[in-house]
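Residues take their numbers from the sequence shown, with the count starting at 1. We use all heavy atoms of the structure for the numbers below, so side chains are in, but hydrogens, waters and symmetry mates are not.
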Amino acid sequence: MQFFIDNIFLIAIAFISGAMLVWPLVRNRAGGPSLSTLQATQLINGKNAQIVDVRSSDDFARGSLPNARNIPTATIKERAADLKKDRPVLVVCDQGRHAGPAAATLRAAGFAEVYVLAGGLAAWREAGLPLKK
């Protein structure tokens with residue numbers, strides 16, 4: 001017991017650093033499964049997935065995935081009815097960090113197949129895949 005009292009500061013640092021390492025994994029899982037650019041193109045081509053870009057309309061106008069629909073995160077709950085529940089949904093943001101909450105909202109609205117593009121539009125560009133401007 002004396003060991004814990006003498007080293008409480010070090011134990012606290014170890015606990016906090018461990019929690020910081022685990023947090024991104026927990027946060028990403030809340031949004032559901034994420035797909036690489038290759039998996040996303042296979043989903044789009046194979047299952048005719050709906051692409052939802054949750055960035056602002058200004059960002060969307062600067063470039064997006066072909067056939068993407070712009071539904072900003074703030075309006076995703078109200079505009080979920082614009083999407084078909086019988087087709088998979090691929091949620092895209094700028095770098096893959098903000099799509100998770102939108103994907104969770106769609107899943108809660110009854111969409112069975114909702115995926116997040118890992119790395120977002122930045123990964124799409126990096127892979128050299130086409131953009132619509």
For the backbone of [Y] and the side chain of [X], can you confirm whether one donor and one acceptor N or O come within less than 3.5 Å of each other?
X      : Y      : value
Trp124 : Pro130 : yes
Lys77  : Ala102 : no
Arg69  : Asp82  : yes

CD (Glu126) with more than 12 external heavy atoms under 6.0 Å: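 Incorrect, the count does not exceed 12.
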
Side chains of [X] and [Y], heavy atoms from C-beta outward: is any pair under 4.5 Å?
X      : Y      : value
Val54  : Pro72  : no
Tyr115 : Ser34  : no
Leu121 : Phe60  : no
Leu83  : Ile71  : yes
Lys133 : Ser64  : no
Leu65  : Lys132 : no
Val92  : Ile51  : yes
Asp59  : Asp94  : no

Show every donor-acceptor pair shorter than 3.5 Å between a side-chain atom in residues 9-21 and any protein atom, with sequence neighbours excluded, or say none if there are none.
| unit_1 | atom_1 | unit_2 | atom_2 | d |
| --- | --- | --- | --- | --- |
| Ser17 | OG | Ile13 | O | 3.1 |
| Ser17 | OG | Ala14 | O | 3.0 |

What heavy-atom pair brings [X] and [Y] nearest, and what distance separates the two atoms?
X      : Y      : value
Leu38  : Thr41  : O-OG1, 2.8 Å
Lys85  : Gly110 : CD-O, 4.0 Å
Ala123 : Ala118 : CB-O, 3.4 Å

Test side chain to side chain contact (heavy atoms under 4.5 Å, CB included) applied to Asn67 and Gln50, step by step: CA-CA 8 Å; Asn67 301 319; Gln50 306 167 91; over 6 Å; no

Distance (rounded to the nearest 0.5 Å) between Leu106 CG and Arg79 CZ: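 Here the interatomic distance stands at 11.5 Å.
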
CD on Gln39 to CG on Leu90, rounded to 0.5 Å: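 Taking CG in Leu90 and CD in Gln39, the distance rounds to 10.5 Å.
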
Stepwise side chain to side chain contact (heavy atoms under 4.5 Å, CB included) check, Thr37 with Leu117: CA-CA 7 Å; Thr37 53; Leu117 178 61; 4.2 Å; yes

Asp53/Arg55 salt bridge by N-O under 4.0 Å criterion: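 Yes, this pair counts.
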
Electrostatic pair Glu113-Lys47, nearest N-O below 4.0 angstrom: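 Yes.
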
